[in-house]
Number of protein chains: 2
Amino acid sequence: MIASATALLDAGGESAVTLRAVGHASGISHNAPYKHFKSRDALLAAVATTDFVWLADTFRAVRHGASAPASKLTQALKVIVHFSVEHPARYRLLFNDPEIAAVGGDLEVSARSAFAEFLGIVQDCQAAQKLPAVPDIALAGLLFATTHGLIGLAASGRMHPEKGLSSVESSLKMLVSLLQVSGTKLPGS
Amino acid sequence: MIASATALLDAGGESAVTLRAVGHASGISHNAPYKHFKSRDALLAAVATTDFVWLADTFRAVRHGASAPASKLTQALKVIVHFSVEHPARYRLLFNDPEIAAVGGDLEVSARSAFAEFLGIVQDCQAAQKLPAVPDIALAGLLFATTHGLIGLAASGRMHPEKGLSSVESSLKMLVSLLQVSGTKLPGS
DNA sequence: ACCTGAACACCGTTCAAGT
DNA sequence: ACCTGAACACCGTTCAAGT
């Protein structure tokens, strides 16, 4: 049922995920989902939870890989960007949907877990002097937020008129390189 | 009618903006809007256009104010943050709604106009050596995207667990200060 | 416990008809 | 030209009833 909803999201966006379509794709009636989920939003939240768990696992794999810290950060950011490109509706569910986020519960736990793994990668970069020694959580939030913002603006066509998606990665590269410069001269020193 | 839709957005979010409610609030029938707008999305796009025009005007006023360039940048970012706090549904319409963005036309023109004013403020900061001398459009996009991303993550409750909205402004302050440090040592030099 | 089918109260949108 | 009222094809959700 979660799988059906996920497939419908990828195929037709959030509006395509009607309980009738989910029921039909799962071979059950259109209101059988109510026996397993409190509402349509709860079903969508379950999809989002699954994706957050996947994100956390992927970040963990990147972090424990063999690359240099700065390269791991780039890889993690690419994971986010690629996910947003390949599964835009699911990405929006994760980071752009207040109604879904309000569900809380497992969803919030899995979201924090994914962020914690990302934070670990940022901390490793700081330890390796590849990022400035500002508070780690704020820095990780800033990097994540910038990636998220670039993705959102690109998706809305509200970014650099002439460029397309590639500008997301090049903008991120610019940010990381600017921050590395900052790392060599700590603010306040 | 645009005013009715705007009020409904502020009061109850996007889902409250039904054509029946708009018609009732405007003293007309529930499908009279179709004589003025091609669809519900077109009406929402008209609301977004109005807000983009307001944003462009506000940015322009900031830019031509008496403050120092760096202060103008801070003011412009605050305008965005405050708008997102006071009118979350309208903010989402501007920057988080692919369906609305796809309408194009006047909406896109007004969006580009707002970005152009913001770009001007960034350029002034670069001229005053308050921001690094990287390509101006990319830098403006980066600053805007970061602000947008921080707002979105804060709205989704997906940011620093312990902090709230104030962390958006403090994170932005951190970014600008880090970029100012970078400005003193250009990358590649 | 889990599922079904009908029903309810909504939607956006269309259309024939009025002025 | 602009508006109305009824109608159509959907929704999410509820509920009595089945197994």
Side-chain angles (χ1 to χ4, degrees), chain A residues 1-51 88-90 92-94 96-107 156, chain B residues 1-51 88-90 92-94 96-107 156:
Chain A
M1 227 158 86
I2 292 178
S4 299
T6 303
L8 285 166
L9 271 170
D10 281 336
E14 188 189 320
S15 66
V17 187
T18 68
L19 294 184
R20 283 161 172 85
V22 169
H24 184 73
S26 305
I28 53 181
S29 80
H30 76 278
N31 51 9
Y34 282 95
K35 308 304 162 181
H36 304 266
F37 301 98
K38 210 189 74 184
S39 67
R40 176 177 179 269
D41 278 358
L43 170 58
L44 291 176
V47 174
T49 301
T50 303
D51 281 337
R90 283 157 66 187
R92 283 175 52 76
L93 214 58
L94 295 179
N96 262 334
D97 202 318
E99 312 258 316
I100 298 301
V103 171
D106 284 349
L107 175 61
S156 303
Chain B
M1 230 158 86
I2 292 180
S4 299
T6 302
L8 285 165
L9 270 170
D10 281 336
E14 189 190 318
S15 66
V17 187
T18 68
L19 294 184
R20 283 161 173 84
V22 169
H24 184 73
S26 305
I28 53 180
S29 79
H30 74 280
N31 51 9
Y34 281 95
K35 310 303 163 181
H36 303 266
F37 301 98
K38 210 189 73 182
S39 67
R40 177 177 179 269
D41 278 359
L43 171 59
L44 290 175
V47 174
T49 300
T50 302
D51 281 336
R90 283 157 65 186
R92 284 176 51 76
L93 215 57
L94 295 180
N96 263 335
D97 203 318
E99 313 257 317
I100 299 302
V103 171
D106 282 351
L107 176 61
S156 303

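The model shown is predicted, which means the values in this text are computed figures rather than measured ones.
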Using the test side-chain hydrogen bond (donor to acceptor under 3.5 Å, both in side chains), find all partners of [X] that sit at least two apart in sequence or belong to another chain.
X       : value
A/Thr6  : none
B/Ser4  : B/Ser26
A/Ser39 : none

Using atom types as modelled and distance alone, determine if a side-chain donor or acceptor of A/Arg92 lies under 3.5 Å from a backbone N or O of B/Asp97.
no
Output one line per pair: protein atom, nucleotide atom from nucleotides 10-12 of chain D, and distance, for all N/O pairs under 3.5 Å.
| residue | atom | partner | partner atom | Å |
| --- | --- | --- | --- | --- |
| D/dG12 | OP1 | A/Leu19 | N | 3.4 |
| D/dG12 | OP1 | A/Arg40 | NE | 3.2 |
| D/dG12 | OP2 | A/Leu19 | N | 3.2 |
| D/dG12 | N7 | A/Arg20 | NH1 | 2.7 |
| D/dG12 | O6 | A/Arg20 | NH2 | 3.2 |

Rounded to the nearest angstrom, tell me the gap between atom CE in B/Met1 and atom P in D/dC3.
8 Å
Distance, rounded to the nearest Å, where A/Lys38 contributes NZ and D/dT14 contributes C1'
15 Å
Any residue meeting side chain to side chain contact (heavy atoms under 4.5 Å, CB included) with [X], in chain and number order, not counting sequence neighbours:
X        : result
B/Ala32  : B/Ile28, B/Ser29
B/Asp106 : B/Thr49
B/Phe37  : B/Met1, B/Ile2, B/Ala42, B/Leu43, B/Ala46

Extract the stems that DNA chain C is part of, considering only consecutive pairing runs of at least three Watson-Crick or G-U wobble pairs, both distances under 3.5 Å.
C:4-8 with D:12-16, C:12-16 with D:4-8
Write out a two-atom table: protein N or O, nucleotide N or O from nucleotides 15-19 of chain C, distance below 3.5 Å.
none

Would you indicate, yes or no, if D/dA1 has its OP1 or OP2 atom less than 4.0 angstrom from a side-chain nitrogen or oxygen of B/His36?
no
State, with a plain yes or no, whether a side-chain heavy atom of A/Leu9 is found less than 4.5 Å away from one of A/Val47.
yes
Of all pairs that satisfy salt bridge (charged side-chain N to carboxylate O under 4.0 Å, His left out), the ones with a partner from residues 2-11 of chain A, not counting sequence neighbours
A/Asp10-A/Arg90
Applying salt bridge (charged side-chain N to carboxylate O under 4.0 Å, His left out), which residue pairs with at least one partner in residues 14-34 of chain A are found, sequence neighbours left out?
A/Glu14-A/Arg40
